[in-house]
Amino acid sequence: MRISLGAVSRPLESLNDKTGTWAVMVPRIDRERCIGCGECYMFCPDCCIEMVQEDRKRYAVVDYDYCKGCGICSEVCPANAIEMVEKVIE
Amino acid sequence: MRISLGAVSRPLESLNDKTGTWAVMVPRIDRERCIGCGECYMFCPDCCIEMVQEDRKRYAVVDYDYCKGCGICSEVCPANAIEMVEKVIE
Amino acid sequence: MRKVVRGFYAVAYSVKLCKPNVICAYPITPQTEISENLAEMYANGELENCKYITAESEFEAASILVGASATGARTFTATCSQGLILMSEVLINAAGMRLPIVIVNTNRALSAPLSIWNDLQDSMLLRDSGIIQIYVEDNQEVHEMIPQAYKIAESTMFPTMICMDGFKLTHAYEPIDLLDQETVDGFLPPYEPPIKLSIDEPLTFGAYAPPHCYMEFRYKMHKDMLNAKNKIEDVFKEWGEIRRDWGGLIEFKEGKTVLVSLGSLVGTMKEVAKEMGLGYLKVRTYRPFPYDEIREALKDCDNVVVFDRAVSFGYEGVLTIDIRNALYGESPNVYSFIVGLGGRDVPKEVMEDCVSKVLSGRAERYRFEGLKDFEEVTY
Amino acid sequence: MRKVVRGFYAVAYSVKLCKPNVICAYPITPQTEISENLAEMYANGELENCKYITAESEFEAASILVGASATGARTFTATCSQGLILMSEVLINAAGMRLPIVIVNTNRALSAPLSIWNDLQDSMLLRDSGIIQIYVEDNQEVHEMIPQAYKIAESTMFPTMICMDGFKLTHAYEPIDLLDQETVDGFLPPYEPPIKLSIDEPLTFGAYAPPHCYMEFRYKMHKDMLNAKNKIEDVFKEWGEIRRDWGGLIEFKEGKTVLVSLGSLVGTMKEVAKEMGLGYLKVRTYRPFPYDEIREALKDCDNVVVFDRAVSFGYEGVLTIDIRNALYGESPNVYSFIVGLGGRDVPKEVMEDCVSKVLSGRAERYRFEGLKDFEEVTY
Amino acid sequence: MFFGKGHSACYGCPLPIAVRNVLEALDGRCFVVNPTGCLEVTSSQYGRSAWGVPYIHSTFENAPSVASGISYALEVLGRENEGYVVVFAGDGATADIGVGYLSSMLHRNDNVLYICLDNEAYQNTGNQQSSQTFLGASTTTTPAGRVIPGKTLRRKDMIAFALAHGTPYVATSSIAFPRDLRRKAKRAVEFVGSKYIHVHCPCPTGWHFDPSKTVEVARLAYETALFPIVEFEYGRLVRVKKIKRRKPVEEYLKVQGRFRHLFKHPEGGRIISELQRIANENAMRFGLD
Amino acid sequence: MFFGKGHSACYGCPLPIAVRNVLEALDGRCFVVNPTGCLEVTSSQYGRSAWGVPYIHSTFENAPSVASGISYALEVLGRENEGYVVVFAGDGATADIGVGYLSSMLHRNDNVLYICLDNEAYQNTGNQQSSQTFLGASTTTTPAGRVIPGKTLRRKDMIAFALAHGTPYVATSSIAFPRDLRRKAKRAVEFVGSKYIHVHCPCPTGWHFDPSKTVEVARLAYETALFPIVEFEYGRLVRVKKIKRRKPVEEYLKVQGRFRHLFKHPEGGRIISELQRIANENAMRFGLD
Amino acid sequence: MVIIKVRFHGRGGQGVVTAADILAVAAFKEGYWTLSFPMFGAEKRGGPVVSYLKISEEKVYDRDEIHDPDYSVVLDPMLLGRDVVLGLKGWLIANHPSLEKAKERTGWRDTVAIDATKIALEILKRPITNTAMVGAFAGFTKIVKLNTLKETVYEWFEKKGEEVAKRNVEVVEKAYKEVEG
Amino acid sequence: MVIIKVRFHGRGGQGVVTAADILAVAAFKEGYWTLSFPMFGAEKRGGPVVSYLKISEEKVYDRDEIHDPDYSVVLDPMLLGRDVVLGLKGWLIANHPSLEKAKERTGWRDTVAIDATKIALEILKRPITNTAMVGAFAGFTKIVKLNTLKETVYEWFEKKGEEVAKRNVEVVEKAYKEVEG
Ligand SMILES: Cc1ncc(C[n+]2csc(CCOP(=O)(O)OP(=O)(O)O)c2C)c(N)n1
Ligand SMILES: Cc1ncc(C[n+]2csc(CCOP(=O)(O)OP(=O)(O)O)c2C)c(N)n1
Ligand code: SF4
Ligand code: SF4
Ligand code: SF4
Ligand code: SF4
Ligand code: SF4
Ligand code: SF4
Ligand SMILES: [Mg+2]
Ligand SMILES: [Mg+2]
């Protein structure tokens, strides 16, 4: 264990916490429907949506390692491109 | 010496402190001029002016035991009835 | 009636039975649910002649109680840690003003680093302040201590603080023999303050004291606190008669080697003592400090093993220092183990390990026990 | 240059020479004129690269310095009594965050009853808190201690508090050999913090620590504070070389009977010791506590006579408890006299009287000395 | 990344929405000060920090002062241009326990952007009332009981409070409108001195609604005019977010567990009308309709 | 006698003038709460109390809370009719160190008459600036120096502050007008809940003028509109004390030592105009002329 | 003194603490001393939560968290992994549709699996699995009788309405029998 | 070690502390160690104020207030009374127009009286008597030389302007000589 001076902590070590395990439901983004508006990106409390530019299409991608499955993205998507689906339990 | 519970103190024991000794100048009230308006009474920071009713005349009297001689009464008297005079040093 | 309840409720329910007039507290983990339980009783109209006030800070909560107590109200607050330190100026003031406010402190570590978990650094830091401090072992004891604390506070006119371990006790859900109103009413008379703010007898509270009399006030405070020991003993005894005997200022079991501690660690300590055939000493009243009782109890034993959960940084464990002072000039070896800071568990094995260190001569004057390996880095 | 100046100025001028970046304090007697002197220097443009801020409370003043210190500024505040207790939550936090804030505490009694006069109850109450505490004997010492305190604070990363007696020192107008800028510059390098808030290296300050690591942080803090003893010795030695040797963590003169105290009482104590042919021990660094030094110094003497100016209500004098702990297992008789609370004078005669009580076997374990006759009343 | 994934806030927590949008708007050039509270506890555990910008937490109540201290230090060390000093503080820290320090910071007009993340209670300790909790809300310290129907006091008006201190820039925003919040953050830092933005942050855990509805609830607060969205520069109201068709407060209340009792308790009707009155007053005061 | 002779305030101190007039107006039916400060120190030494009414001093910052506590206790003990709870507090206690507790008391609208005795600095500790000190004043912590010409910050607006909390009764008064103060004290106690009166109290010792001029200086503050005398009920301005012929601020400034440097310092002129601007603004805002 | 130690794993909001508490009351009714408490954590809703239960014939003094449970009860299938069997001395009682998969995820042999989510969804219409797992625990260990448990559960949920109480009793019974069977 | 102990009595605002301080500086210039300080009081302006001065050949350690002064210097005639001679071992130096009256008020034989108020009003036009009494003390005791004192007083008041400084020097000289004469 590392014990620092005054308990200062290094930045962004939260990335080691894969909060994706919290999710019961997860969003599935329909890439066809997605209009790349970025609403889901802006609203995701877990900062786990990325906007990807591919050719001339911009669309949203979920980082399931962190997505807690709150469902907000699905609620805010103006294109109805996000559906919440049950996470597969292995 | 009396030591009370929680240092509660009895009321108005300040009366034992004769702050009149502080005064260098003291007010002299000209009873003739005094119109009994009570301004000096109301403004005296040392609460040492009393209004006295005598026959049909109301006038102000100074309690020299406490008067510190600030001169406020003299300043506020609308009848110019109060003069500040040097306290006699015995 | 025996019922399975959580520690919070054991406190809140007992407070209710004591019929306080003004309750004012501020949320802080792990105290909050005490206030929440009281708030619920209040919302349901179960607290008679009582105001429950939501303050905007602990400092304010304590200050409201200063006003209320000086006016003759029976008062209650609960807090801990940052909250206790934040209100400390007011509590120290209340002690000097001799206001019998009853406080439950759900012991929690101090920041930084922030910790919501348990140790005794918070209440022990205020050991000089003129507040009676009683440490309880479990939720039955805290439940029964509340009425006793009121009686102690109001007959000695000192703020009285019951210290109960955060989480370990507050969050424990366990069977409690609940008191009933009749028992408490029979034990605890209504509060009739010898001094109070009133128009009829307009006293001046909170006067200041120049050098010609300050020291006498502080001496009186000290003397009254020493005398409070007798009063506390009496209250404990009276309680013992009507209810259950929990012991006096200390609870003591003889032995050549005696373990010493307070709070929720006492349970484990007693078990270890039993299993290993040792004595133990539980400090129930920490201020006033039971000097004579402790000295008498421990002076002839070989080893005293103190389990401390508060450190005076740059010196040693807080309880240990007090114990050694009490034993000064006597011959027992006093060993100190600092354990359980910031919620670190203190399993029986750790205690046993400490004891075997002592018995085999491997113990030092004091030692942090239960540490993990770590590497020191700048960041 | 030797000049007749008041204690306040001896502090303020020395602070100025240390080139602090942020100064923030709140008025309280008898601290205020330290801030006032600094405010005047500020208004006259004499403090370079420095902000002087008027806070709205001591709590705020300390908090502003937490922000400033974490950002890499050299900081200063002064306070005492109610102000010190009011800011205590912040200072304790700063200690854990390891921020090298330098504080001058002009010791004053605690309320209630309110007293603006001197004793040590305020700073001693915070002895557990992870703040280095240094007590000075006179204004020359405080003047010279300021640069040393900065060096200590910044090399150990602990808040460092110089405790000087209110009135007795602050208000004394006496000849002081004033330091010059060159001397201080040569001794005290600019502050280069090992950790600070910056965009380039975006650290997280004030993280919280769950039970799996909290105890290690506190252990480290304790260990670092013990290690600070060496650092302090070094700084004192270095100062002794360039300027004047004031001794180490303690100043000690042998004797069969040894008087012990700290702060401004030391002057009188030394005189009494000299006149009566006794030894004395001056505690310079109170936290970290010089356990080994004190034990070594006192273990073979007959009588140790402690003059205490802070009480742990319901127990004993605060310094005494610490001293007895240090001497545990050794044989000297330790007598304690609680004197000078709330500005009560401690003339030589009182000290002499205490000593003769000790020498003639009439002394008790501890005693309040210098009390007047009084009658106890309800009001 | 200025605020990392992997923080431990609840499902659907509003706080990170506010935080990341502000930090992104300011390009991460921020010294963040954060008092104790949900945000702190979910983002600053030792060894698990979610912060990619310099960050400090000291106590629950002193964030404004710590921020002042940073701004003074930056100034005096010649580092003013390194970044903005930004406070993210809960409503309890802001309007209750820290309100005196906020007053002092605003009074000195220190160069700090203060953002209150208002989830209307002490959520970190489990939804106890704060001075920002709405009338009628059931919280753990103002539970809806047989006698008392939830919180009985009105809200402390923090906009009036900030304006009373002569604060150059004062605004409200909501996590329902991240673009609005971004714009305001950018606008705010154009002002020298103190700026105060009060951001509405509905908390699914404390308010008892489904985590997926965080944004919807926030939007309803705006649409009912219970939480008006306004902007003041130098004390002058310069902009409001008009409401197209104002909804009755019931629509907002009924989606939240904390107001459920109002629809049953004998006092409930009275409280709902009082809340409607407050909404109407807001609409009037700021010209929202 | 409600406030006794023999107290130890300075010659010409304004504080007892305010205190005795309020106590007399309320017939001494008062529980007085008084934080640390000049009034406390000069009236409550052990064995020398000047108080003829029940009185309590606890700390410097907690008077509002102590007052709340008294009012709750009186209520719950069935003693509400015994008397009013009245705070007399200095400006430092009120607007600075105690401002958070005042905020809280006003927010809960506790049944307390809070009177701020504003002598514009921490006079008890020797005239250090407070948030109520006027711009330009030389105090011991904002001394007029070679570089800095006295205090550089504006005043914290305590009227706006009290109003921001929805306080039912808010007023200012001055020791220059004891009849005004008496009337306001009487009016105030007709309101249930919190009432706030801010009383101007020029201090001869700290401000450096002759003790006989206390009343005159107070009158000048009013006549220059630097200290407006106003009255709000339920947030509405119901009455102002109009100024017959408004005087230039210089007339007020020049009679006090604390402003002397303004007539010499290079920055002095600018500050005087700024003060005049503030006076004009007051006159406008409240319609004083 | 024998103490039966049980550790419950779930997520904030799933009723993990309630699970331990209900069993504590039921066991208390059967004459045991019980001590239950939540993990002393600072987690928010959604984060992993643990609670503990100690059951004994005599008063329990040891208030430490449980590091060597006799039983580990896992309310949420997603949590099945190394963590939940840490220090485990006896049986893992897992909410999972498949015993094999459950074993696979944890590597623990002595496992009982029950599809508590399914039972909960079926009867309660919500995936709150605490009562089902309480039933499963009781059914498997027989430490508390079914009737005692049913009574306890009923009393527990009564304040939320008779309907809720009844359904939870049903859940408990179903799970009890399923595991017992 | 001989310490000369002087106690000054006056009122808040009369410069009692300054009196002790000026003498301290003057004595320091003459090679003495000095220690002066105000009474540690909470009095407001107008209330009685005391200050102390200790003069010695060696460093002074004793920081207690002076209870047994060698000299008591009283700046305000109204204060003459029992208080000012309390513990006095030597001379009372009093501001009073009449030696007899002064003695009468205090009952102290060894008294020097000087009408300091008159001197002050004459030269300073204000009844601030501290410098006059400093001069009187020096003239009577000869502990500090007149020139040293004049220099000290000049430096002390220089920051208030040359005129003020000069006048105070004049006051000191006049009082010194009057008492000496
Ligand atoms: C002095 C002090 N009192 C109480 C607490 C406990 N505490 C920590 S956070 C918190 C509530 C935070 O509420 P708020 O500021 O609204 O932030 P939220 O968690 O709601 O986002 C409380 C009461 C504390 N840490 N310190
Ligand atoms: C916590 C704390 N800080 C500082 C002080 C010192 N102090 C006492 S009174 C006072 C100033 C009082 O100012 P104000 O409230 O304006 O009253 P005034 O004396 O001017 O009438 C100060 C700074 C204190 N007693 N307590
Ligand atoms: S479900 Fe929630 S956490 Fe997951 S991507 Fe959508 S908004 Fe983000
Ligand atoms: S909100 Fe919907 S449409 Fe917009 S980027 Fe996200 S998924 Fe695509
Ligand atoms: S001079 Fe001052 S103290 Fe004396 S009576 Fe007149 S106003 Fe009162
Ligand atoms: S103010 Fe003048 S006229 Fe009026 S009562 Fe006093 S002395 Fe008489
Ligand atoms: S309790 Fe509310 S504000 Fe706090 S982390 Fe959870 S959702 Fe966010
Ligand atoms: S300093 Fe001013 S306010 Fe204080 S007692 Fe003296 S005159 Fe009154
Ligand atoms: Mg909140
Ligand atoms: Mg003031």
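Below, chain A is the first sequence line, B the second, and so on; all start at residue 1. The basis for the numbers below is simple: all heavy atoms, side chains too, and nothing from hydrogens, waters or symmetry mates. As the structure is a computational prediction, the values presented were derived from the model and not from experiment.
Between chain B and the residues F:Cys10, F:Gly12, F:Ser43, the largest count of heavy-atom pairs under 4.5 Å involves F:Gly12. Ranked by heavy-atom pairs under 4.5 Å with chain F, the list B:Val8, B:Leu12, B:Asn16 is led by B:Leu12. Contact count versus chain B (heavy atoms, under 4.5 Å) is highest, among F:Pro211, F:Pro178, F:Pro54, for F:Pro178. If you tally non-hydrogen atom pairs under 4.5 Å between each of B:Cys48, B:Cys73, B:Cys44 and chain F, the highest count goes to B:Cys44. Chain B forms more heavy-atom pairs under 4.5 Å with one residue of F:Gly52, F:Ala176, F:Ala18, F:Gly47 than with any other, namely F:Gly47. Interface remark: of the candidates F:Lys213, F:Glu216, F:Arg179, F:Arg179 forms the most heavy-atom pairs closer than 4.5 Å to chain B. Between chain B and the residues F:Pro14, F:Ala9, F:Gly4, the largest count of heavy-atom pairs under 4.5 Å involves F:Ala9.
In summary, the side chains of F:Asp210 and F:Ser212 do present a donor paired with an acceptor at a separation below 3.5 Å, with no hydrogens or angles considered.
No part of B:Cys67 comes within reach of chain F, as not one of its non-hydrogen atoms sits under 4.5 angstrom from that chain. B:Asp65 does not touch chain F: none of its heavy atoms, backbone or side chain, sits under 4.5 Å away. With a threshold of 4.5 angstrom between heavy atoms, F:Ile175 approaches chain B through N, CA, C or O but not through any side-chain atom. At a 4.5 Å heavy-atom cutoff, the contact between F:Phe3 and chain B is made by backbone and side-chain atoms alike. Neither the backbone nor the side chain of B:Ser74 comes within less than 4.5 Å of any heavy atom of chain F.
Each of F:Lys184, F:Lys241, F:Arg183, F:Arg187 was checked for a side-chain hydrogen bond (donor to acceptor under 3.5 Å, both in side chains) with F:Glu231, and the lone residue meeting it is F:Arg183.
The pair B:Lys57-B:Glu54 does not meet the salt-bridge criterion, since no charged nitrogen lies less than 4.0 angstrom from a carboxylate oxygen. Using a 4.0 Å cut-off between charged nitrogen and carboxylate oxygen, B:Arg28 and B:Glu83 count as a salt-bridge pair. Salt bridge status for F:Glu82 with F:Arg29: absent, with no side-chain N to carboxylate O gap under 4.0 Å.
Figure legend: F:Arg20 and B:Tyr41 shown as a cation-pi pair, the cationic atom lying under 6.0 angstrom from the six-membered ring centre and within 45 degrees of its axis.
F:Lys5 has its side chain within reach of B:Asp63: a pair of non-hydrogen atoms, C-beta onward, lies under 4.5 Å apart.
Counting heavy-atom neighbours within 6.0 Å of B:Glu50 CD, excluding the residue itself, gives a total of 12 or less.
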